[in-house]
Structure formats: structure tokens, C-alpha cells
Amino acid sequence: MTTTAHEQAGTTAAPRGPAGGADATRNPRRGPRPGRLRRAGLPYLLLLPALILELLVHLVPMVIGAVMSFKELTQFYIRDWGSAPWSGLGNYRVSVDFHAPVGEALLHSFLVTVGFTLLSVGLCWLIGTAAAVFMQDTFRGRGLLRALFLVPYALPVYAAVITWVFMFQHDNGLVNHVLHDQLHLTDKRSFWLIGDNSFYALLTVSVWKGWPFAFLIVMAGLQNIPRELYEAAALDGAGMWQQIRRITLPSLRPVNQVLVLVLFLWTFNDFNTPYVLFGRAAPEAADLISVHIYQASFVTWNFGTGSAMSVLLLLFLLLVTGVYLALTSRGRRTGDV
């Protein structure tokens, strides 16, 4: 029997849908599944406790301090600081008036803090980097020496600084005993906790407790540098200083960028070290801005001016951090190109 042409055409030309018929029927469009939504929102849910804690611990006091800086808040309004008179920018004008006693003292404290921070950060980075490079070589007792290097960083700040207070004593301190009685480097016993020597005492304690952190970070960064680079450089005749200059420092650039920024922020805001070392009234040579703001707030009971100084300090640190990150990111992009 034969099949007509119309039947063959009807058999071979099956109707198709606009988007591929069977495929469209097999994979219909569906909305987002509830399980997918739960998985996408889980990270934010886990971050929520940390965000709430950050809000309560840092952001809320920061906002309250900014509001207090616009008020004439003294000891007369401390029980109800919200009822203190509104002063506008008066506290800021007093703080930045460098021809008046308050502004002049703040400027002096700021310059002392800048010099102290630059010296402390530079010495911490230099000593920490040198110690980390030295500890890369294998020798007997390296593990014990690493542990000893980290002791200043592991000690509580108050215990370590109080120990230095006893060592800096004028009559029976270890520093004067070594420098004057044993080494005969000074004509007489020095006063380390008052006068101009207080700056060097503060710098010594800051570097002593800060360089182990730089040592730890740089030593961790050195682990990512392949040893083959040093071996190849040694075969090419490069000495130790050339290897450090051409291999170590360029490879540690990302680590050092973060390390220097963290050390700068920690040192510039350091309050525990000068407060424990000198007490509530730091000497003029070691009048760091953190202690100066504390004295302006809790010694003179002028919380409005102290809050304005704190806001100015925050703005300065944000400006320095933004400029530093912009410069380092630009240098990193230039190096990549």
C-alpha cells in the first residue's frame, strides 16, 4: 500500500513552539527558590551580631562624642549632659586658635605626637624587619630566640610599663645603674620620667613593646617568598644586601603597607603607655595628644572642648589613612603595569 503525499507531509512537519517546543516545556521559567534565598541571606545573618556589637561599642559613642563637641559641657552639666547649652563651633574655634593657650598647647602636643609616632614606627619596622630576616637562617636555638623576641608583645601593657617605671627611677633604677655606675656614660644620674628625657623614655618603651609585632608580621610575610629566588640570586653573585634590596623588600611591599598603617594608628592613639609611665600629668616633652585630650576632658572638666579635640583627631587620622591608602594603591597599580 502506498502513502499519499499529504500524509507524508503531515508526518514529517510536526508543529514546533516558538522557543523550541519540548525544551521550553521541559525547562519552564521559575522564580528564585526559597532554599537559594536562605543560602544567600545566611552570611548577612551571621554578620548581624558583629555589626550590632560594632554599632554599640564604637559607632554610638562616636556619635555621642560628636554631639558633645557642640555643647558647653562642663562639670555643672555632667549629670544631664543633654541639657548643656549649645555652643556650635565654639569648642572647635578654641581648639584651633593657636595663638590662645588652649590651641597653643594642643598644637604642641600634636607636634610631639607626630615626631614620636614617626620615630617609633620607623624604629619598630627597622628592628622587626632586621630580626625577621636574621631569623630566616637555620641555627641552633632559633625557636627559643623567636619566643624571647615575642615576650614584650605577649606581656600585658600595664605590667610591662610599670616594670619600665621602676627601671627609670632616678636613685635605684636599672637604667641609671647601668649607664652611670657601670658604663660611666653619664656624669650624674639622669631623671628619665621628667624633663626632656621623658620623650626618650617614652620612645624606648614604645619601641620595646612594638617591634615584636612588626617582627611577627614580617616573619610571616617572608614565608611566602620562594627560597629559589635567593638561591638563584646567590648563583648570580648577589650579596646579602642586594638580595634584601632586590628580593626581600619588593616582595614584602604589600605586607609593609598594612604594617606601617597599623603601627601608625596604634602609636598615634596610644594612651596606656604614657598614662602608666607618667601618670595623669605627662611632662611637656612627652605630652602625647591622647593624654592631652584626657587632661582637657577629665582634669579640667571641659568635656565639650575635649570632645572637639577628639573629633579633630579622628578627622586627621581619617585624612592620613585615606591619603596613605590612595598613594599605596596607586603605587601598586603602577608596579603591576
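Given the structure is predicted, the values throughout are model-derived calculations rather than measurements.
Between L327 and Y324, the closest side-chain pair of non-hydrogen atoms is not below 4.5 Å. Residues Q223 and Q136 are in side-chain contact: their nearest non-hydrogen atoms beyond the backbone lie under 4.5 Å apart. Inter-residue side-chain proximity for I289 and F268 is flagged as met; some heavy-atom pair is nearer than 4.5 Å. Annotation: side chain of Y230 is in contact with side chain of I225 (closest heavy-atom distance under 4.5 Å). Counting heavy atoms from C-beta on, the side chains of L202 and T273 come closer than 4.5 Å. Looking only at side-chain heavy atoms (C-beta outward), K209 and D270 come within less than 4.5 Å of each other. Side-chain atoms of Y275 and S290, non-hydrogen and from C-beta on, never get closer than 4.5 Å to each other. Counting only heavy atoms from C-beta outward, the side chains of W192 and W164 never approach each other to under 4.5 Å.
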Please lay out, stage by stage, how V205 and M167 fare under the test side-chain contact (heavy atoms from CB on, under 4.5 Å). CA-CA 11 Å; V205 177; M167 293 173 62; over 6 Å; no
List the steps and the verdict of side-chain contact (heavy atoms from CB on, under 4.5 Å) for L315 and L319. CA-CA 6 Å; L315 294 177; L319 177 63; over 6 Å; no
Walk me through it: do F278 and F168 pass the test ring pair (Phe, Tyr, Trp, His ring centres under 6.0 Å)? CA-CA 11 Å; F278 305 116; F168 281 129; 8.9 Å; no
Audit row: T321, L265, side-chain contact (heavy atoms from CB on, under 4.5 Å) steps and yes/no: CA-CA 9 Å; T321 302; L265 295 176; 3.8 Å; yes
With side-chain contact (heavy atoms from CB on, under 4.5 Å) as the criterion, how do M135 and F215 come out once you've worked through the C-alpha distance, each side chain's angles and the decisive distance to 0.1 Å? CA-CA 10 Å; M135 295 298 294; F215 162 73; 3.7 Å; yes
Evaluate the criterion ring pair (Phe, Tyr, Trp, His ring centres under 6.0 Å) for residue pair Y92 and F70; output intermediate values, then yes/no. CA-CA 8 Å; Y92 292 92; F70 295 102; 5.5 Å; yes
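With sequence neighbours excluded, the residues that form a ring-ring contact (aromatic ring centres under 6.0 Å, His included) with F213 are Y153, W266.
Placement of L185 and L174 within a single hydrophobic cluster is found when ILVMFWY residues are connected by side-chain heavy-atom separations under 4.5 Å, directly or transitively. Under a hydrophobic-cluster definition in which Ile, Leu, Val, Met, Phe, Trp and Tyr are linked whenever side-chain heavy atoms come within less than 4.5 Å, directly or via other members, L183 and V175 are assigned to the same cluster. A continuous path of ILVMFWY side-chain contacts below 4.5 Å connects V121 to L325, so both sit in one hydrophobic cluster. F271 and V276 fall into different hydrophobic clusters, where Ile, Leu, Val, Met, Phe, Trp and Tyr residues are linked whenever their side-chain heavy atoms come under 4.5 Å apart, directly or through other members. Residue L263 is not grouped with residue I127 when hydrophobic side chains (ILVMFWY) are merged at heavy-atom distances under 4.5 angstrom, including chains of intermediate members.
With a 6.0 Å radius and a threshold of 12 heavy atoms from other residues, nucleotides or ligands, F76 has its CZ atom at or below the threshold. In Q169, the CD atom is crowded: over 12 heavy atoms of neighbouring residues, nucleotides or ligands sit closer than 6.0 Å. The local environment of CZ in R142 is crowded, with over 12 non-hydrogen atoms from other residues, nucleotides or ligands closer than 6.0 Å. Residue-environment remark: CZ (F316) exceeds the threshold of 12 foreign heavy atoms within 6.0 Å. Other residues, nucleotides and ligands contribute more than 12 heavy atoms inside 6.0 Å of the CZ atom of F139.
Going from atom OG of S190 over to atom CG of D196 covers 11.5 Å, rounded to the nearest 0.5 Å. In this structure, the separation between OG on S95 and CG on L107 is 12.0 Å, given to the nearest 0.5 Å. Rounded to the nearest 0.5 angstrom, H292 NE2 and L288 CG are separated by 11.5 Å. With rounding to the nearest 0.5 Å, the separation of OG1 in T248 from CG in N256 is 10.5 Å. In this structure, the separation between CG on L277 and CG on N272 is 12.0 Å, given to the nearest 0.5 Å. Atom CG in D97 sits 10.0 Å away from atom CD in E104 (nearest 0.5 Å).
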List, one per line, each side-chain donor-acceptor pair under 3.5 Å for residues 232-245, sequence neighbours excluded.
residue	atom	partner	partner atom	Å
Q242	OE1	G239	N	3.2
Q243	NE2	A238	O	3.3

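Using bins of under 30°, 30° to 60° and over 60° for the plane-to-plane angle, the ring pair W301/F303 lands in the perpendicular bin. Under the 30°/60° scheme for interplanar angles, the aromatic rings of W211 and F149 are found to stand perpendicular.
S120 places no side-chain N or O within donor-acceptor distance of the main-chain N or O of T117, the cut-off being under 3.5 Å. A donor-acceptor distance shorter than 3.5 angstrom exists from the side chain of N91 to the backbone of K71, with no hydrogens or angles considered. Between the side chain of D287 and the main chain of S109, no donor-acceptor pair closer than 3.5 Å is present. S329 places a side-chain N or O within 3.5 Å of a backbone atom of A326 that can act as its donor or acceptor partner. The backbone N or O of A84 lies less than 3.5 Å from no partner atom in the side chain of E72, so there is not a single donor-acceptor pair.
Heavy atoms only, all atoms of each residue included: S297 and T300 are closest at N-OG1, 4.4 Å. Scanning all heavy atoms of the two residues, the minimum distance from G115 to F199 falls at C-CZ, 4.4 Å. Minimum heavy-atom separation, A66 to V311: CA-CG2, 4.0 Å. Heavy atoms only, all atoms of each residue included: C124 and S206 are closest at SG-O, 4.1 Å. Looking at every heavy atom in both residues, S198 comes nearest to P283 through OG-CB, 3.4 Å. What you find for V112 and A285 is that their closest heavy atoms are CG1-O, 3.5 Å.
When only modelled atom types and interatomic distance are considered, N176 and H180 share no side-chain donor-acceptor pair under 3.5 Å.
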